[in-house]
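Heavy-atom basis, side chains included; hydrogens, waters and symmetry copies ignored. As the structure is a computational prediction, the values presented were derived from the model and not from experiment. We count residues from 1, following the sequence as given.
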Amino acid sequence: MKPTRLLTALLCVTTPLACARGNSASGDLEHAEAATTEVPSAAALVGDWHLASDPPMPMPRLQMRFTVDSVDGPTYFGRLSHYFSGNVGGDLAAFKPFVGSMADDDSVEFRVDQRDPAMLGIVVQGRLIADTIRATTLIVGPDTLSKGTNRSWFLVKR
């Protein structure tokens with residue numbers, strides 16, 4: 001057996017990734033390993049995202065949770081899964097599921113529309129950094145919470 005075929009055969013037995021893209025044991029192994037470890041960055045968005053602020057809001061406060069259920073490339077799909085304003089809960093059935101997008105620079109944006117077109121929804125724009133989305137724009141109904149205030153808004157993954 002030729003040395004390169006022997007090396008390829010050994011790699012196929014010890015590292016199945018070596019056989020993923022052919023018989024070459026050189027660059028294809030590195031390419032196969034890179035292909036299996038690359039995960040679309042939008043996949044990091046799957047889960048529950050809780051609204052937080054700095055400085056924290058006093059109680060009772062605005063409480064929201066967004067749940068991202070699935071991802072397809074840079075597009076993600078989710079829903080508003082918790083909504084309280086002060087001590088009054090919002091009707092989650094009044095809100096449609098949302099479709100958001102993530103850009104190459106890890107910026108995210110989504111809009112949660114209400115089923116009644118006369119009612120205003122929620123808009124979030126920001127940047128994903130680890131398990132936090134730092135909101136550059138947060139609009140809830142008629143209120144833009146992120147502009148002209150001394151408070152920073154975040155969505156934190158839990």
Step by step, would you call Ile122 with Leu80 a side-chain contact (heavy atoms from CB on, under 4.5 Å)? CA-CA 9 Å; Ile122 302 166; Leu80 180 65; 4.0 Å; yes
Has the side chain of Thr132 got a donor or acceptor atom that lies under 3.5 Å from a matching backbone atom of Arg134? no
Salt bridge Asp105-Arg127, side-chain N to carboxylate O under 4.0 Å: yes
For Lys96 and Val112, which heavy atoms make the closest approach, and how far apart are they? O-CG1, 3.6 Å
State yes or no: do Leu45 and Val123 share one hydrophobic cluster built from I, L, V, M, F, W and Y residues joined by side-chain heavy-atom distances below 4.5 Å, directly or via other members? no
Nearest 0.5 angstrom please: Leu51 CG to Leu155 CG, how far? 6.0 Å
Without hydrogens or angle criteria, can the side chains of Asp54 and Ser152 be said to hold a donor-acceptor pair below 3.5 Å? no
Using only atom types and a distance under 3.5 Å, with no angle test, would you say the side chain of Gln114 pairs donor to acceptor with the backbone of Phe95? no
Can any side-chain N or O of Thr75 pair as donor or acceptor with the backbone N or O of Ser101 at less than 3.5 Å? no
So, taking the atom named CE in Met64 and the one named OG in Ser85, what distance separates them when rounded to the nearest 0.5 Å? 9.0 Å
With a 4.5 Å heavy-atom cut-off, do Ile139 and Thr137 have their side chains touching? yes
How long is the gap from CG on Asp113 to CG on Asp116, to the nearest 0.5 Å? 11.0 Å
Residue pair Thr144 / Leu138, side-chain heavy-atom distance below 4.5 Å: no
Same cluster or not: are Val140 and Phe154 linked, directly or through other Ile, Leu, Val, Met, Phe, Trp or Tyr residues, by side-chain heavy atoms under 4.5 angstrom apart? no
Other ILVMFWY residues reachable from Phe77 by side-chain steps of under 4.5 Å: Val99
side-chain contact (heavy atoms from CB on, under 4.5 Å) between Val88 and Tyr83: does it pass, once the steps are laid out? CA-CA 9 Å; Val88 178; Tyr83 180 62; over 6 Å; no
Taking the side chain from Lys157 and the backbone from Val46, do they hold a donor-acceptor pair closer than 3.5 Å? yes
Yes or no on side-chain contact (heavy atoms from CB on, under 4.5 Å) for His82 and Gln63, after CA distance, side-chain angles and deciding distance? CA-CA 7 Å; His82 181 81; Gln63 300 175 47; 3.6 Å; yes
Ignoring hydrogens and angles, tell me if any N or O in the side chain of Trp153 forms a donor-acceptor pair with the backbone of Leu145 under 3.5 Å. yes
Students often mix this up, so state it plainly: with edges at 30° and 60°, are the rings of Phe98 and Phe110 parallel, tilted or perpendicular? parallel
When every non-hydrogen atom of Asn150 is compared with those of Pro55, the smallest separation belongs to O-CD, 3.6 Å
Within the structure provided, determine whether Met102 and Leu128 are in side-chain contact (heavy-atom separation under 4.5 Å). yes
Heavy atoms of Ala93 and Arg115 approach each other most closely as O-NE, 2.8 Å
Taking the side chain as everything from C-beta on, heavy atoms only, tell me whether Met57 gets closer than 4.5 Å to Arg151. yes
In short, Ala42 meets Gly73 closest at the heavy-atom pair CB-O, 3.3 Å
I want to check something: taking the side chain as every heavy atom from C-beta on, are Thr67 and Trp49 in contact at a cut-off of under 4.5 Å? no
Membership question, hydrophobic clusters at under 4.5 Å side-chain separation (ILVMFWY): are Leu120 and Phe66 in the same one? no
Any pair with a residue in residues 69-90 that passes salt bridge (charged side-chain N to carboxylate O under 4.0 Å, His left out), sequence neighbours left out, goes on the list, sorted by first then second residue, please. Asp69-Arg79
